[in-house]
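Here is the naming used below: chain letters follow the sequence lines, and residue numbers restart at 1 for every chain.
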Number of protein chains: 2
Amino acid sequence: MTARLIEIARIARVSVATVSRALNGRPGVGEHTRRRIQALATQMRYHPHANARALVTGQIPFLGLVVPDITNPFFPSLARGAEEEAFRRGYSLLLLNTNWAPERLRQAFDLLTSRRVGGLLLAHSIRLSDLPGQDPEVLRQTMVMAGVEAPSGTGIRAVTVDDRAGGAMVARHLLEQGYRRLGFIGGPRQDPSCRLRHEGFREVLSRAGRSRMGQVSFGEWSVESGYRQVKALLARREWPDALFAANDLLALGAAEAMREMGLSPGPAMGLVGYDDIESVRWTAVPISSVAQPESDVGREAVRRLIAMIAGETPEPDVRLLPRLSVRASSRRFPDPCPAPQEDPQ
Amino acid sequence: MTARLIEIARIARVSVATVSRALNGRPGVGEHTRRRIQALATQMRYHPHANARALVTGQIPFLGLVVPDITNPFFPSLARGAEEEAFRRGYSLLLLNTNWAPERLRQAFDLLTSRRVGGLLLAHSIRLSDLPGQDPEVLRQTMVMAGVEAPSGTGIRAVTVDDRAGGAMVARHLLEQGYRRLGFIGGPRQDPSCRLRHEGFREVLSRAGRSRMGQVSFGEWSVESGYRQVKALLARREWPDALFAANDLLALGAAEAMREMGLSPGPAMGLVGYDDIESVRWTAVPISSVAQPESDVGREAVRRLIAMIAGETPEPDVRLLPRLSVRASSRRFPDPCPAPQEDPQ
DNA sequence: CCGGGGTACGTAATCGTTTGCGTGGACGTC
DNA sequence: GACGTCCACGCAAACGATTACGTACCCCGG
């Protein structure tokens, strides 16, 4: 048990009000007694009771981070950035792993209404139907989307990554490397990320001449799907000479399919993935991939959320830029000036 | 703003005490008024104010999970298991990422003294010197180690994974596959995990005949170190015909070194790693590895922590068993009866 | 000598619950 | 008809802080 305010007050022969003022640096306390009280407090190992303080001030020093699956490597980095920023500002971060269960998503909002958290960071794609009977005005003031678009029309703040720009980067890179016909394999056709990555990719290609666009195919976000899509693609007459896989799982499956056809990613057929997960560095031919600034997403989202809770108007929404990690799977020419070791361990 | 007890009370024309009793299912309320109040509560969207309740009951519905780096794939799985179990029991899980800074570790304990959390899950190797001036008795009642040994002599509860058994499994597997001289490459010599994995490995070998033990070497937990250790090993006269890398980063480096020497993991030279991170599935030759039951560690640790907080005596410490994922890097003979697809995506 | 203003502190209300204790009425028993 | 029991409910004190307001005192100017 740590000491209470009242115990310090009794020993110092003053009222609790004075002790509170002294320790919080508020005016209205003599310099002498202030020192005396502070000394006493550290000596008695006083720590303010966070709950009691929260009850009266109305400030809740907790933020909730809602993720579908913390095991997915995108989220730990996001969590790391968010946690760091939150702690710096005196907040603690709650982890909520919904495991994709709508039920768990509801519980996350309950945390808001039961005042366990002061705000919510949603790194979880949601539909409007997932917000049943929540006051939209409240949501707008206590929620920030992190890494996903806000449901349209809700006016909820969001910090996202520019998927369209990512897709465009890939297209430009592949063209620069001299690839001629660029194919695309994706996840679910209606998934926003998938759609935007595809659009960015396509736009660059159409500016470079329509003939550059190879086959396009969609499926799921899985290794298996990547494998199947590539197998199907390579069964046709005309092959692309490079592939953009809209996520790294797809890319891993694609690489495997290519290998089985006696084709290895690289000069013969370029391959670029998306997300830059660890695994793509360790395939037989390391796979190029678009890296997302997950930590920054977390950090920026927290900054906005805290500002909103404090009643300030947060900075406007941002769309952070991804970065392309070029590896052997999409290098047609040996690097002219060998860059300083891209993947140092 | 959600409704308060007092507002419900006014409308129902009863006292707050009655409302509280009605909603919490406590006796002392007539069946009729109880229904009336419950109906009113749901209609008015009442949610109890967790903080206020916590203040009077003294129960704090938060647990802290302290990890050095959530980005390390061991911890998300642990966090997942812990979060799931905690939520099931009505607790929320705080994420504390120390980033290895002792300063941040101190802050974690402050959360305990300032009553922000009711207990701490430490998935973070610590020394006694990291617990400065903490009352050891308090720690024993509010902390559980998860995945790491407790500092000896502290009597702190711990849920760990049996590293010695893991090492032994590897040795037995390699011998079964017909490998003759087994080498070992490790992380820091004084690291407990490294030491135990080595001991388990060594014990099995010495029972199988001293001659089975090849070279042993230590370094750091990194790809780079694995690479260097293997290069050094293969510079000697007598080669082992299989290697146990005490963690997967080392194994990845080892595989790379072997490849550079024109040697690929498999029948020619066996290789087994430890931790079973995603990346080892995607190397040119997929690498066998010892998988740890991280989720179970988290879950079991939470169960014990909650029991302790509730004043019950928790179940005794456990040492969970790891599981070996056999892949091509350590298969000398083709699988006689092809098991049902080990790594389905 | 009186009054005004500033300083240093205490008193008490407040945040939203839970809970021990008191009380009035209905009901049953002798 | 008096008395004891129970039940359903209200009253008020907690929990541990913050903070508006009141008050005693000192100092200084007119």
*Asks:* Does B/Phe87 have A/Arg104 sitting over its ring (NZ/CZ under 6.0 Å from centre, angle to axis within 45°)?
*Replies:* yes
*Asks:* So B/Asn24, base contact, sugar-phosphate only, or nothing? Heavy-atom distance under 4.0 Å.
*Replies:* sugar-phosphate
*Asks:* For B/Leu23 and C/dT18, give me the distance from atom CG to atom P, rounded to whole Å.
*Replies:* 8 Å
*Asks:* I need the B/Thr160 OG1 to B/Arg319 CZ distance, nearest 0.5 Å.
*Replies:* 4.0 Å
*Asks:* Roughly, in whole Å, what's the span from CZ in A/Arg115 to P in C/dC15?
*Replies:* 13 Å
*Asks:* Roughly what angle, to 10°, lies between the helix axis at the start of the helix from C/dC1-D/dG30 to C/dC30-D/dG1 and the one at its end, five pairs per end?
*Replies:*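 Here the helix ends are tilted 70° relative to one another.
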*Asks:* When the nearest nucleotide of DNA chain C is assigned to B/Ala52 and to B/Ala17 on a heavy-atom basis, which residue is associated with the more 5' position?
*Replies:* B/Ala52
*Asks:* Would you kindly give the CD1-to-P distance between B/Ile60 and C/dT17, to the nearest whole Å?
*Replies:* 18 Å
*Asks:* If you compare all heavy atoms of B/Ala79 against all heavy atoms of A/Leu95, which two are closest, and at what distance to 0.1 Å?
*Replies:*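 Taking every non-hydrogen atom into account, CB-CD2, 4.0 Å.
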*Asks:* In whole Å, I'd like the distance from the CZ atom of A/Arg26 to the C1' atom of D/dT19.
*Replies:* 9 Å
*Asks:* With no hydrogens and no angle check, is any side-chain donor or acceptor of A/Ser114 less than 3.5 Å from a backbone partner on A/Asp110?
*Replies:* yes
*Asks:* When you measure from the centre of the six-membered ring of B/Phe62, is the NZ or CZ of B/Arg115 closer than 6.0 Å and no more than 45° off the axis?
*Replies:* no
*Asks:* Tell me if a side-chain donor or acceptor on B/Asp162 pairs with a main-chain N or O of B/Leu320 at a distance below 3.5 Å.
*Replies:* no
*Asks:* Tell me: CZ of A/Arg10 to P of C/dG10, nearest whole Å?
*Replies:*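 That distance rounds to 14 Å.
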*Asks:* Just how far, in rounded Å, is P of C/dC15 from CZ of B/Arg4?
*Replies:*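 Rounded to the whole Å, the gap is 9 Å.
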*Asks:* Write down the atom of A/Val148, the atom of A/Ser125, and the distance for their closest heavy-atom approach.
*Replies:* CG1-N, 4.0 Å
*Asks:* Are the charged groups of A/Arg10 and A/Glu7 less than 4.0 angstrom apart, N to O?
*Replies:* no
*Asks:* Report the distance from atom CG of B/Leu5 to atom P of D/dC15, rounded to the nearest whole Å.
*Replies:* 19 Å
*Asks:* Verify, without hydrogens or angle tests, whether A/Arg36 (side chain) and A/Ala12 (backbone) share a donor-acceptor contact under 3.5 angstrom.
*Replies:*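 Yes; at least one donor-acceptor contact below 3.5 Å.
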*Asks:* Reading nucleotides 4-9 of chain D from the 5' end, what letters show protein touch, with B for base, S for backbone sugar-phosphate only, - for no heavy atom under 4.0 Å?
*Replies:* ----SB
*Asks:* Tell me what A/Pro48 touches on the nucleic acid: a base, only sugar-phosphate, or nothing, going by heavy atoms under 4.0 Å.
*Replies:*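 Touches sugar-phosphate only.
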*Asks:* Rounded off to whole Å, could you give me the CG-to-C1' distance for the A/Leu55 and D/dT18 pair?
*Replies:* 10 Å
*Asks:* Look at the side-chain N and O atoms of A/Tyr46 and state whether any lies under 4.0 Å from the OP1 or OP2 oxygen of D/dG16.
*Replies:*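 Checking A/Tyr46 against D/dG16: no side-chain N or O falls below 4.0 Å of OP1 or OP2.
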